**Q** 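Got a structure here, written out as structure tokens. Questions coming.
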Amino acid sequence: SLPTKYINCSSQKCVCSDCFYATNSYKSCAYQRCWEYNKTTQTCNDLRKDQRTAFFLSLFLSPLGAANLYISQRAIGGLQLAIFVGFPILVLCIWSYIFSCCLDRNASNEGVLYIFAFCCFDRNDSNEDQKKRILWPLNVSCIVWILVTMMWWAADIVAFAEDLRTSGDGCPLRH
């Protein structure tokens, strides 16, 4: 049974507050999923996430997925975290591989060393040509990563500022 202090049913129509909502016929009230009713204390607890907190997390920590993780949008927040943290780690691994291959190549007598499909060393190339051939894909991918991160950050700031997001459980954010 629902507590009567949150429900006002008169003249065949119910008005419900806080934890409850009126059913389609307005003849009864039901529990809202975004609120929790404590039967012991007879109080309603708002379970919704705070919109201002989400906005400030998006403003300062959005590339890490903090705002989306806070509102329980785990897939989006996890993807943001993976892109923001994972890409630099990948680039560092590629760099370390390239430079270890460069050291191996300098010690060997081979004429050509293929590192990836897009770059190779040739004994006839100057050092500048070799650097350009290796570095352009990394530089382009870093620029793309920066642009994607900045655009996603801006989109998150707008979405949280305008209260366009809901939490992972489908509840609107609390103002």
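These figures come from a predicted structure and were not determined experimentally. Computed from heavy atoms alone, side chains included, the values below leave out hydrogens, waters and symmetry copies. Numbers here simply count residues along the sequence, with the first being 1.
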**Q** For the residue pair Leu64 and Leu69, what are the closest heavy atoms and their distance?
**A** O-CD1, 4.3 Å
**Q** Mind listing the closest non-hydrogen atom pair of Asp46 and Arg174 along with its distance?
**A** OD2-CD, 3.1 Å
**Q** What distance do Leu164 atom CG and Leu173 atom CG have between them, rounded to the nearest 0.5 Å?
**A** 10.0 Å
**Q** Are Ile146 and Val85 in one and the same hydrophobic cluster, where Ile, Leu, Val, Met, Phe, Trp and Tyr link if side-chain heavy atoms are under 4.5 Å apart?
**A** yes
**Q** Report yes or no: does Trp152 contribute a side-chain atom to a donor-acceptor pair with the main-chain N or O of Ser62 at less than 3.5 Å?
**A** no
**Q** Quick one: does Arg48's side chain get under 4.5 Å of Ser167's, heavy atoms only?
**A** no
**Q** Can you name the closest pair of heavy atoms from Thr166 and Ile71 and give their distance?
**A** O-CD1, 3.5 Å
**Q** With hydrophobic residues grouped by side-chain heavy-atom distances under 4.5 Å, do Ile89 and Phe84 end up in a single group?
**A** yes
**Q** Please list, one pair per line, the donor and acceptor atoms closer than 3.5 Å that link side chains of residues 52-61 to other protein atoms, with sequence neighbours excluded.
**A**
unit_1: Thr53; atom_1: OG1; unit_2: Asp50; atom_2: OD2; d: 2.9
unit_1: Ser58; atom_1: OG; unit_2: Phe55; atom_2: O; d: 2.6

**Q** Test: side chain to side chain donor-acceptor pair (under 3.5 Å). Region: residues 68-78. Which pairs qualify, not counting sequence neighbours?
**A** Asn68-Gln80, Asn68-Asp156, Asn68-Arg165
**Q** If I compare all heavy atoms of Pro88 with all of Trp145, which pair ends up nearest, and what's the gap?
**A** CG-CZ2, 3.8 Å
**Q** State plainly whether one hydrophobic cluster holds both Trp153 and Val158, where clusters connect Ile, Leu, Val, Met, Phe, Trp and Tyr through side-chain heavy atoms under 4.5 angstrom apart.
**A** no
**Q** Run the side chain to side chain donor-acceptor pair (under 3.5 Å) test against Thr149 and tell me which residues pass, sequence neighbours left out.
**A** none
**Q** Determine, stepwise, if the pair Trp35 / Cys171 fulfils side-chain contact (heavy atoms from CB on, under 4.5 Å).
**A** CA-CA 9 Å; Trp35 293 78; Cys171 293; over 6 Å; no
